[in-house]
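Input: a single structure, listed below in C-alpha cells.
Below, all heavy atoms of this structure are taken into account, side chains as well, without hydrogens, waters or symmetry copies. We count ligands from 1, going down the list as the structure has it; atoms in each ligand are counted the same way.
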Amino acid sequence: MNSYISSLIKIDVTTARESYPIYIGRQLQNALGDEIANLKSQGSRLAVVTDTAIRQAIPQYFSGVFEGIPTIEVPPGETSKSLSEFGRILDFFASNRLDRGGVAIAFGGGVVGDLTGFAAASWLRGVRFIQVPTTLLSMVDSSVGGKTGINIDSGKNLVGAFHQPISVYEDLDLLASLPPREFAAGMAEVVKYGMLGDSELFDMLEASPLMDSRDERLARIVKRNCRLKADVVNTDEKELAGSGGRALLNLGHTFGHAIENVAGYGDYLHGEAVSVGFVAAANLSQRLGYIDSSQVERISNILEAHGLPVRLKSPLKKGNLLSAMRKDKKVRAGKLRFVVLRRIGEAVTEDEVDLDLVSTVWDEVGTID
Ligand code: GLY
C-alpha cells in the first residue's frame, strides 16, 4: 500500500456480503489514480458519469485522473434522476462495451451517485462502481451505504436498488468550488446525524456553526458522520429492522420528500427540503410528548444558523403534501412510519402516527389548505 494511504482517514463499511473502504482526506487524486491504474492493469473497462457543471468546475480531475476514460455528462440537478437519463447511461455503457468486469465511476453529487449506482446495479445485472462524491451532502450521506435509484412522477427514489460501491473517495478539496447554498444543504444532513445519534456533534455545531469547507473541523466531522452511517448500514443494510435501524436515517425525510415532490424537483435542494422536514419532525416529536418546545427551538435555530430554511419558502397545499406522503416508500401496511426524536441525539421509529397530528405539523411550517 502506498504511503499516502496511511495518512488518509479510512472507514470500512461491512455488510453481509461486501466490505469496502471510504477514504476521507484532501488531494486524493493519487489514491484514486492508483485504484484506477490497478483496475486497468487487470483489464477492467471503465466509464465515468458526471454532470456538466462539475466537469467545468473541477476540470483537473478530467485532465488528470480520468484522462482517456469514456465520460458521460448529465444535466445538473434532481431532474436528472429520471428514467430517460438512466436509459441514456445504459446506452453509454453499451456503446463503450462495459463488460461484466467493468467499473462505473460516479463523479458528482447525490444525483450522479444515485443514478450511476442504479445504472451499475442494472447493467448486465450488476457491475462494480466507485463513488467519488463532490458535494458535502453526498460525502456524509448518499455516497455511503449503497442506496441507488431514480425518481418517477409518483415519488422520489421509488425505483432503485441496494448496490454497494467497491470504494468511496471523499476528497474534501473538491468542496472548495461548492456554492454556499449547496454547502449549507450538505450541512442539513450533518445536523441530522447530530439530532439522531450524536448530541456532542449537535452541541458543537450549535456553539459554532460550520459554514465553510476550509474549516479545520470538517475532516473530523465528515469522519464522524460516515462512521455513524457505516455502523447503521452494517447492522441493517436493507432497512428491514422492525424498529429503529437504517430507517432512523430518514429523520425528516418523509416530510422532505413530500415537499420536493409537490414543489417540483428543482425548487428546493434536497438538504433544504429535509431541513424543513426536520422542523416538522421535531414538532411531531413534541406533540407526541417526547421533546419540549425548547428543544424544537434549538433544532430550528441550529438549522437557521447554517443558512437553512425552517419553513416552506412559499406556501404549498397541505392536501397535496399529505397525498405525496402516502406514496412514500416508507409506508408499511398502509400506515405512515415516522422517525421522531426522544431527545436531541436519540431517534426512534413511530409506526402509528395519527394523520390529524401530521396535518397540524404541516400547518406549523407554512402550508395552505
Ligand atoms: N439516506 C438514508 C440512507 O442512506 O439510508
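- The shortest N or O to N or O distance between Lys229 and ligand 1 is below 3.5 Å.
- In terms of polar-atom proximity, Lys147 is counted as a contact of ligand 1, with an N or O under 3.5 Å from an N or O of the ligand.
- Side-chain atoms of Ser294 and Asp292 form a donor-acceptor pair, as typed in the model, at a separation below 3.5 Å.
- Ring centers of Phe278 and Phe255: at least 6.0 Å apart, outside the cut-off.
- Cation-pi geometry between Lys313 and Tyr268 is satisfied (NZ or CZ under 6.0 Å from the ring centre, within 45° of the ring normal).
- Residue, atom and distance of the protein heavy atom nearest to atom 5 (O) of ligand 1 are Arg246 NE, 2.7 Å.
- Summarising the contacts of atom 1 (N) of ligand 1 with Leu249, Leu137, Asp141, Asp114, the nearest heavy atom is found in Asp141.
- Between His270 and His257, the two ring planes are tilted [angle within 30° to 60°].
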